[in-house]
Enquirer: 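My questions will all concern the structure given below.
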Amino acid sequence: MAPPRSFLWSRRVFLTLLAGFVLLPVYVMISSSLKPLSDVTGKFRWLPSELTIRPYIDIWSTVPLAKYFMNSLIVAGAATVCSVVIAVFAAYAVSRYDFRGKRVFTVTVLSTQMLPGILFLLPLFLIYVNIGNATGIALFGSRGGLILTYLTFSLPFSIWMLIGYFDSVPRDLDEAALVDGCGPFGALFRIVVPAAIPGIVAVAVYAFMTAWGEVLFASVMTNDTTRTLAVGLQGYSTLYDVYWNQIMAASLVVSVPVVAGFLLLQRYLVAGLTAGAVK
């Protein structure tokens, strides 16, 4: 039975308004990035009086954007790889084996997501400084320290999500692999991991996006050498002027990896999130 025409028109109007609400800020960002600075700081115009790509050229010299880009790529990439590897082993152990404290472990992992991240800022700062003073290992102001910091946020959710996904993979597959001569690691990497690719991709995307756009800890735990993009964009605001057109251009440039990755992995991401949530 076809829905009534009034419902169809109401849906079209609602979706059109929703699309306009979402796309309007994107249009303002794109148009502002193609305007001279005088147009951006003056009265707002929907159509630029002059189109220029100069902001996209100047963003690399106004601040060391390439260095910030590389720092963010290294930190987010390393945090993603570590989060996925550790989460796969931890989730497989919880999903397939019974051990003392299993329920306490899963509840503890999930309960860490209830606490706001700012509560960990001062403790982590003190821990990193004390470790550096005692051992000489420079965690504060280093990429390694920032990677460890991001693991404290992405790893608990990654473990919890993969536990639900691994539970959806039949244990008969593991038993068949063991009968065929595979050990526990062979069953994990040859059977379970290929069957859980959507869930692993979803975890990887979540971990990468968490590290890529984080501002609070990056502003405290980094210095001029290890500064990431999320903090480095503040360099376009000086004591004398704010380069709004360059800020918009830089924001579009730094969002390209996340948007491209999401579009390429969208199918796996939706499947992984759905299966991890309901199974």
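Values in this document were obtained by computation on a predicted structure and should not be read as measured data.
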Enquirer: Quick one: does any side-chain atom of Y56 pair with a main-chain N or O of V253 as donor and acceptor, under 3.5 Å?
Expert: no
Enquirer: Which pair of heavy atoms, one from Y150 and one from A218, lies closest together, and at what distance?
Expert: OH-CB, 3.5 Å
Enquirer: Are any side-chain N or O atoms of N71 and backbone N or O atoms of T225, one a donor and one an acceptor, separated by less than 3.5 Å?
Expert: yes
Enquirer: Specify whether Y27 and W46 have parallel, tilted or perpendicular ring planes, treating 30° as the upper limit for parallel and 60° as the lower limit for perpendicular.
Expert: parallel
Enquirer: Does a side-chain heavy-atom distance below 4.5 Å link S251 with L233?
Expert: yes
Enquirer: Please check if Y97 and V192 belong to a single hydrophobic cluster, counting links between Ile, Leu, Val, Met, Phe, Trp and Tyr side chain heavy atoms closer than 4.5 Å.
Expert: yes
Enquirer: Shared ILVMFWY cluster between L122 and M221, side chains joined below 4.5 angstrom?
Expert: yes
Enquirer: Please check: side-chain N/O of S33 versus main-chain N/O of M248, any donor-acceptor pairing under 3.5 Å?
Expert: no
Enquirer: Sub-3.5 Å donor-acceptor pair from the side chain of T106 to the main-chain atoms of R103, do we have one?
Expert: yes
Enquirer: At their closest point, which heavy atom of L151 faces which heavy atom of A79, and how far apart are they?
Expert: CD2-O, 3.6 Å
Enquirer: Nearest 0.5 Å please: distance from the CD1 atom of I74 over to the CZ atom of R143.
Expert: 3.5 Å
Enquirer: Is the F69-W212 ring centre distance short of 6.0 angstrom?
Expert: yes
Enquirer: Determine whether more than 12 heavy atoms belonging to other residues, nucleotides or ligands lie under 6.0 Å from atom CG of L24.
Expert: yes
Enquirer: How far does OH of Y165 sit from CD1 of I197, to the nearest 0.5 angstrom?
Expert: 9.0 Å
Enquirer: Any heavy-atom pair between the side chains of L34 and T52 that's under 4.5 Å?
Expert: no
Enquirer: Which is it for V169 and R96 under the side chain to side chain contact (heavy atoms under 4.5 Å, CB included) test, yes or no, and what are the steps along the way?
Expert: CA-CA 10 Å; V169 179; R96 291 298 190 264; 3.7 Å; yes
Enquirer: How about T149 and E214: do any of their side-chain heavy atoms sit closer than 4.5 Å?
Expert: no
Enquirer: If you take all heavy atoms of S83 and L155, which pair is closest and at what distance?
Expert: O-CD1, 3.6 Å
Enquirer: With a 3.5 Å distance limit and no angle check, can you tell me whether N133 reaches the backbone of V129 through a side-chain donor-acceptor pair?
Expert: yes
Enquirer: What verdict does the side chain to side chain contact (heavy atoms under 4.5 Å, CB included) test give for I163 and V109, after you've listed the backbone C-alpha separation in whole Å, the side-chain angles of each residue and the deciding distance to 0.1 Å?
Expert: CA-CA 11 Å; I163 289 174; V109 166; over 6 Å; no
Enquirer: Are F166 and V94 side-chain neighbours, meaning at least one heavy-atom pair lies under 4.5 Å?
Expert: no
Enquirer: Could you walk me through whether T228 and Y68 pass the side chain to side chain donor-acceptor pair (under 3.5 Å) check?
Expert: CA-CA 5 Å; T228 59; Y68 299 156; over 6 Å; no
Enquirer: I'd like to know if L126 and L119 are part of one continuous hydrophobic network [Ile/Leu/Val/Met/Phe/Trp/Tyr, side-chain heavy atoms within less than 4.5 Å].
Expert: yes
Enquirer: Taking side chain as C-beta onward, heavy atoms only, is Y243 less than 4.5 Å from V63?
Expert: no
Enquirer: Mind checking whether F120 and F217 have ring centres under 6.0 Å apart?
Expert: no
Enquirer: Is the number of heavy atoms from other residues, nucleotides or ligands within 6.0 Å of CZ (R171) greater than 12?
Expert: yes
Enquirer: Once rounded to the nearest 0.5 Å, what's the spacing between atom CD of E50 and atom OG of S38?
Expert: 7.5 Å
Enquirer: Please find the pair of heavy atoms, one from A93 and one from F99, that lie closest to each other, and give the distance.
Expert: O-CE2, 3.8 Å
Enquirer: Please report the shortest heavy-atom distance between Y206 and F153, naming the atom on each side.
Expert: OH-O, 3.9 Å
Enquirer: A quick test of your reading: do over 12 heavy atoms of other residues, nucleotides or ligands sit less than 6.0 Å from CD1 of I53?
Expert: no
Enquirer: So if you build clusters from Ile, Leu, Val, Met, Phe, Trp, Tyr with side-chain heavy-atom gaps below 4.5 Å, do V22 and V13 land together?
Expert: no
Enquirer: N223 and T226: side chain to side chain contact (heavy atoms under 4.5 Å, CB included), yes or no, with the steps?
Expert: CA-CA 5 Å; N223 51 34; T226 59; 3.1 Å; yes
Enquirer: Quick check: do N245 and S32 have side-chain heavy atoms less than 4.5 Å from each other?
Expert: no
Enquirer: Between atom CG of L139 and atom CZ of F125, what is the distance when rounded to the nearest 0.5 Å?
Expert: 12.5 Å
Enquirer: Are the side chain of S95 and the backbone of A91 linked by a donor-acceptor contact shorter than 3.5 Å?
Expert: no
Enquirer: Answer yes or no: does atom CZ of R100 have more than 12 heavy-atom neighbours from other residues, nucleotides or ligands under 6.0 Å?
Expert: no
Enquirer: Is there a side-chain contact between W60 and I57 (heavy atoms, below 4.5 Å)?
Expert: no
Enquirer: Can you confirm whether T210 sits close enough to F157 that some side-chain heavy atom of one is under 4.5 Å from a side-chain heavy atom of the other?
Expert: no
Enquirer: From M29 CE over to S255 OG, what is the distance, rounded to the nearest 0.5 angstrom?
Expert: 7.0 Å
Enquirer: If you measure from CG on D58 to CD on Q246, what distance do you get to the nearest 0.5 Å?
Expert: 5.0 Å
Enquirer: Of all the heavy-atom pairs spanning V215 and V231, show the shortest one and how long it is.
Expert: O-CG2, 4.0 Å
Enquirer: Quick one, L162 with F89, criterion side chain to side chain contact (heavy atoms under 4.5 Å, CB included). Give me CA distance, side-chain angles, the key distance, then yes/no.
Expert: CA-CA 10 Å; L162 283 183; F89 284 105; over 6 Å; no
Enquirer: With a 4.5 Å cut-off on side-chain heavy-atom distances among I, L, V, M, F, W and Y, is there a chain of contacts connecting Y92 to V85?
Expert: yes
Enquirer: In a check of side chain to side chain contact (heavy atoms under 4.5 Å, CB included) between I247 and each of V40, L252, T62, V242, which one passes?
Expert: V242
